[in-house]
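See below for the structure under consideration.
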Amino acid sequence: MSIVEAYNDFLKRLESIYDDREADNIADWVFENVTQLKRWERRGNSKSITSELELKLSKYLQELLLHKPVQYVLNEAWFYKLRFFVNRHVLIPRPETEELVSWIVNDVKSAKGETLLEEIKILEIGTGSGCIPISIKNELQNASITSIDMSEYALDVARKNASDLHTKINFKKIDFLDEHQWRGLDNYDIVVSNPPYIPESESEKMSKNVTAFEPGIALFIDNKDPIIFYEKIAKFSQSHLKKQGKIYVEVHEEKANEVMQAFNKDGFETEIKKDIYGKERMIKSTR
């Protein structure tokens, strides 16, 4: 079977559960990963695929037909121009989170100038794959970043990504909701977080490839206290955020005003920012 024939067959099978555009994007990603050939290099390519690659493609296809996200199938996700290792223990990085990183990087560069001479201390809460701190560090070399997570499995993934991408991040296992564990943390110029913020009641409305495969602990929060992480971040920042320090968080589009009020109540000046889809998904609070 030629590469073109294999691709067409793979695509046709995917179209049984995905729309045409998504099926094509997934098939293209898989074939580039497996063959190491770009789309234009595969077009019209009559070269036969090896039995080894055929078996790998068959395995990937079966996983995809079970709605497993392609990022988990290939153990890779792209974020802020970097390729990250991902598995079932961490969330798949989202484009809107790239906007949060851009906001931080642009603010710091605007305030400090393109040449950063002084160290900027940053704390990230809930690191997952490590995509946020690694991407920030890649742009702000003088940033000293500590990233925490309660999951040792997630920290293993984050450490692997930091090592693979030659980035120095200080990772710590801390359950942020346990205030006693804050004693192991310093004072910071910036606190950033993309915490769990989806009420458990919304899980029924979400697609199977999210609820069946991505870690619920990183997605969902108790319906009774949906902004608990933000309230804890505000409280933590009273004693651990430097004067004029800033908090950057991603939020549920329907909870932005509620989160803003939680920060303002503790004396912060808060700004809501919309993402590229016009949804209120990011907040910056200044002490």
Side-chain angles (χ1 to χ4, degrees), residues 1-50 52-102 128-132 134-135 138 157 160-161 164-165 194 198 202-203 205-215 218-219 250 253 274-279 281:
M1 183 184 294
S2 71
I3 291 175
V4 171
E5 290 171 333
Y7 178 85
N8 290 336
D9 180 64
F10 198 92
L11 178 61
K12 185 177 180 180
R13 296 288 301 278
L14 286 181
E15 287 173 343
S16 66
I17 62 168
Y18 294 103
D19 64 50
D20 292 354
R21 183 176 180 179
E22 188 171 9
D24 185 50
N25 287 337
I26 292 171
D28 183 55
W29 190 348
V30 169
F31 269 72
E32 183 172 327
N33 176 282
V34 170
T35 66
Q36 299 298 300
L37 297 173
K38 301 289 186 183
R39 183 190 288 264
W40 66 268
E41 294 175 301
R42 298 192 310 268
R43 189 177 294 120
N45 195 321
S46 59
K47 183 179 178 181
S48 297
I49 62 171
T50 65
E52 181 183 356
L53 291 187
E54 199 168 342
L55 284 172
K56 183 178 284 189
L57 287 168
S58 177
K59 174 181 178 294
Y60 288 170
L61 179 62
Q62 295 311 310
E63 292 177 343
L64 289 165
L65 291 175
L66 293 174
H67 296 273
K68 187 173 183 178
V70 63
Q71 293 91 338
Y72 290 153
V73 172
L74 300 178
N75 292 124
E76 69 175 23
W78 287 89
F79 183 87
Y80 220 79
K81 301 172 287 188
L82 299 171
R83 183 167 61 184
F84 288 84
F85 172 84
V86 293
N87 62 20
R88 63 187 179 87
H89 298 299
V90 300
L91 290 181
I92 295 167
R94 265 59 172 192
E96 51 266 34
T97 308
E98 290 183 311
E99 295 183 64
L100 186 69
V101 169
S102 289
S129 66
C131 64
I132 290 176
I134 292 169
S135 298
N138 191 52
V157 172
K160 172 179 170 53
N161 281 320
D164 290 349
L165 294 166
N194 177 20
I198 302 174
E202 293 186 15
S203 63
K205 307 173 189 176
M206 298 175 69
S207 61
K208 182 179 178 181
N209 63 341
V210 173
T211 56
F213 294 98
E214 298 202 57
L219 283 170
E250 189 172 318
E253 62 187 277
K274 293 181 179 180
D275 66 13
I276 55 173
Y277 306 108
K279 297 178 180 179
R281 293 295 300 275

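The analysis underlying the following values was restricted to heavy atoms, covering all of them including side chains, and did not include hydrogens, waters or symmetry mates.
The backbone N or O of Ser129 lies less than 3.5 Å from a partner atom in the side chain of Asn161, making a donor-acceptor pair. Distance alone, capped at 3.5 Å, is enough to place a donor-acceptor pair between the Ser102 side chain and the Glu98 backbone. Between the side chain of Ser135 and the backbone N or O of Cys131, at least one donor-acceptor pair lies under 3.5 Å. A donor-acceptor pair is defined here as one N or O able to donate and one able to accept, closer than 3.5 Å; such a pair exists between the side chain of Glu5 and the backbone of Ser2. Counting only distance, with no hydrogens or angles, the side chain of Asn75 and the backbone of Asn87 share no donor-acceptor pair below 3.5 Å.
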Working for side-chain hydrogen bond (donor to acceptor under 3.5 Å, both in side chains), residues Gln71 and Trp78: CA-CA 9 Å; Gln71 293 91 338; Trp78 287 89; over 6 Å; no

Verdict with supporting geometry, Lys279 and Lys274, side chain to side chain contact (heavy atoms under 4.5 Å, CB included): CA-CA 5 Å; Lys279 297 178 180 179; Lys274 293 181 179 180; over 6 Å; no

Residue pair Phe31, Tyr7: steps toward the ring-ring contact (aromatic ring centres under 6.0 Å, His included) verdict: CA-CA 7 Å; Phe31 269 72; Tyr7 178 85; 5.2 Å; yes

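A salt bridge links Arg39 with Asp24; the closest basic N to acidic carboxylate O contact falls under 4.0 Å. Ion pairing between Asp9 and Arg13 fails under the 4.0 Å rule for side-chain N and carboxylate O. Salt bridge status for Glu63 with Lys59: present, with a side-chain N to carboxylate O gap under 4.0 Å. The pair Glu214-Arg94 counts as a salt bridge, with a side-chain nitrogen and a carboxylate oxygen less than 4.0 angstrom apart.
Here the side chains of Val86 and Val157 are not in contact, with every heavy-atom distance at 4.5 Å or above. A 4.5 Å side-chain heavy-atom check between Leu165 and Phe84 finds at least one atom pair inside the cut-off. Between Val30 and Val73, the closest side-chain pair of non-hydrogen atoms is not below 4.5 Å. Side-chain contact check for Asp20 versus Glu15: some heavy-atom pair is nearer than 4.5 Å. Between Leu53 and Ile3, the closest side-chain pair of non-hydrogen atoms is not below 4.5 Å. Two residues are said to be in side-chain contact when any heavy atoms from C-beta on lie closer than 4.5 Å; Thr211 and Leu219 fail this criterion. Between Leu64 and Phe10 there is a side-chain heavy-atom pair separated by less than 4.5 Å.
Of all heavy-atom pairs between Tyr72 and Pro215, the closest is OH-CD, 3.7 Å. Here the shortest heavy-atom pairing between Leu11 and Ala27 reads CD1-CB, 4.3 Å.
Interatomic distance, Arg21 CZ to Ile26 CD1, rounded to the nearest 0.5 Å: 12.5 Å. Atoms CD1 and CZ, on Ile134 and Phe79 in that order, are 10.5 Å from each other to the nearest 0.5 Å. We find the CD1-OG1 distance between Ile49 and Thr35 to be 9.5 Å, quoted to the nearest 0.5 Å. Rounding to the nearest 0.5 Å gives a distance of 13.0 Å between NZ of Lys68 and CG of Leu65. Note that CD of Glu96 is 4.5 Å distant from CZ of Arg281, once rounded to the nearest 0.5 Å. Taking CG from Asn33 and CG from Asp28, the interatomic distance works out to 11.0 Å, rounded to the nearest 0.5 Å.
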